[in-house]
Amino acid sequence: ALREEIAMAEEVLAVYLDLLGAVDEDPRLRWPAEEARVAFEACLVRLFDDLLATHYLTLRGLYLQANRLWQDYLETLWLALQFVRAPRAARQWLQGHRLDPLRARRVLEERGLIEPRGGELYELLDQRAHPRSKEGFERALTISSYMGEWQLSFFVGGEGNDAWLRRGVLDWLYLACYGLDEIDRLGVVP
């Protein structure tokens, strides 16, 4: 079953890559302004990079480290959605102005343009990415021998741990599909 889940993740990556090509070339996509398209495309490159990086981290058992990049993914997604909804913000961003992605999320949520679960996901990822959160995943092993006693600490995860890997891949698929759902709600993709 894990092979199927990994294959689904690779298919979702291909969808993001296809979308990236379509934003650049497909005349069927309707943009409110050219600035919105260019800013969205810049964000889409970052979204793809974040998904690819978190895919590699997850497959190598570095699930907890992937959480910080997933936060970046959500922040970039909210900016991309804001740029299409508010081309003026896209223009300002392209001119070098800094925009706060968390503020963009709040504005989009208040207007009912995105689902509130994005903020909930972000908070959960923030908790998981915090160094103290690793305490819940840390285990200790005491090794005794005739020369003394040693304690070895390790984190649950790592290559070869199927349950941990399955959790990471399913979380990855959920976040990646959440992003596609929000992009679909923009209405620019036929």
Mind checking who shares a hydrophobic cluster with L124, ILVMFWY linked at side-chain heavy-atom distances under 4.5 Å?
none
List for me each residue that meets side chain to side chain contact (heavy atoms under 4.5 Å, CB included) alongside E123, sequence neighbours excluded, and say none if there are none.
none
According to a hydrophobic-cluster definition based on side-chain heavy atoms being under 4.5 Å apart (Ile, Leu, Val, Met, Phe, Trp, Tyr only), do L173 and Y16 belong together?
yes
For R85 and Q82, which I'm curious about, is there any donor-acceptor pair between the side chains at under 3.5 Å?
no
Close side-chain approach of Y174 and L121, heavy atoms under 4.5 Å
yes
From L113 atom CG to L108 atom CG, the distance as rounded to the nearest 0.5 Å:
5.5 Å
As an exercise, state the distance from CG of D24 to CG of L19, rounded to the nearest 0.5 Å.
11.5 Å
Using distance only, find each side-chain donor-acceptor pair of residues 42-52 under 3.5 Å and give its atom names and separation, not counting sequence neighbours.
residue, atom, partner, partner atom, Å
R46, NE, D72, OD2, 2.9
R46, NH2, D72, OD1, 3.0
R46, NH2, D72, OD2, 3.2
D50, OD2, Y73, N, 3.2

Pairs touching residues 17-42 that satisfy ring-ring contact (aromatic ring centres under 6.0 Å, His included), sequence neighbours left out
W31-F40
Rounded to the nearest 0.5 Å, what separation is found between the CG atom of L125 and the CD atom of Q127?
9.5 Å
Using the salt bridge (charged side-chain N to carboxylate O under 4.0 Å, His left out) criterion, which residues pair with E75? Sequence neighbours excluded.
none
Partner set under salt bridge (charged side-chain N to carboxylate O under 4.0 Å, His left out) for R91, not counting sequence neighbours:
E35
Across all chains, not counting sequence neighbours, the salt bridge (charged side-chain N to carboxylate O under 4.0 Å, His left out) partners of R88 are none
Any ring-ring contact (aromatic ring centres under 6.0 Å, His included) pairs touching residues 91-112, not counting sequence neighbours?
F83-W93
For residues E11 and V15, determine if any side-chain heavy atom of one lies less than 4.5 Å from a side-chain heavy atom of the other.
no
Are L20 and L94 connected into the same hydrophobic cluster when the rule is that any two of I, L, V, M, F, W, Y join if their side-chain heavy atoms are below 4.5 Å apart?
no
Going only through I, L, V, M, F, W and Y residues with side-chain contacts under 4.5 Å, is there a path from L81 to W70?
yes
Between CD1 on residue I183 and SG on residue C177, distance to nearest 0.5 Å:
11.0 Å
Before giving the answer on side-chain contact (heavy atoms from CB on, under 4.5 Å), spell out for Q71 and T76 the whole-Å C-alpha distance, their side-chain angles and the decisive distance to 0.1 Å.
CA-CA 9 Å; Q71 281 186 290; T76 305; over 6 Å; no
For residues 109-119, the salt bridge (Lys or Arg N to Asp or Glu O under 4.0 Å) pairs (sequence neighbours left out) are R105-E109, E115-R117, E115-R185, R117-D181
Is the closest side-chain heavy-atom distance between R68 and D126 below 4.5 Å?
yes
Nearest 0.5 angstrom please: R166 CZ to L170 CG, how far?
7.0 Å
Grouping I, L, V, M, F, W and Y whenever their side-chain heavy atoms are under 4.5 Å apart, do V84 and L99 come out in a common cluster?
no
Nearest-0.5 Å distance, CG of residue L175 to CG of residue L69:
11.5 Å
Between W172 and T58, is any side-chain donor less than 3.5 angstrom from a side-chain acceptor?
no
Checking W78 now: which residues fulfil side chain to side chain donor-acceptor pair (under 3.5 Å) with it, not counting sequence neighbours?
none
Just so I know, are the side chains of V23 and V188 near enough to count as touching, which here means a heavy-atom distance under 4.5 Å?
no
List in chain and number order the residues that pass side chain to side chain donor-acceptor pair (under 3.5 Å) with D171, two or more places apart in sequence or in another chain; answer none if no residue qualifies.
Y63, R128
Under the rule for salt bridge (charged side-chain N to carboxylate O under 4.0 Å, His left out), what residues qualify as partners of D18, not counting sequence neighbours?
none
Where is the tightest heavy-atom contact between L77 and G179, given as atom of each residue plus distance?
CD2-CA, 3.7 Å
Heavy atoms only: give me the nearest A176-V12 pair and the separation to one decimal.
CB-CG1, 3.6 Å
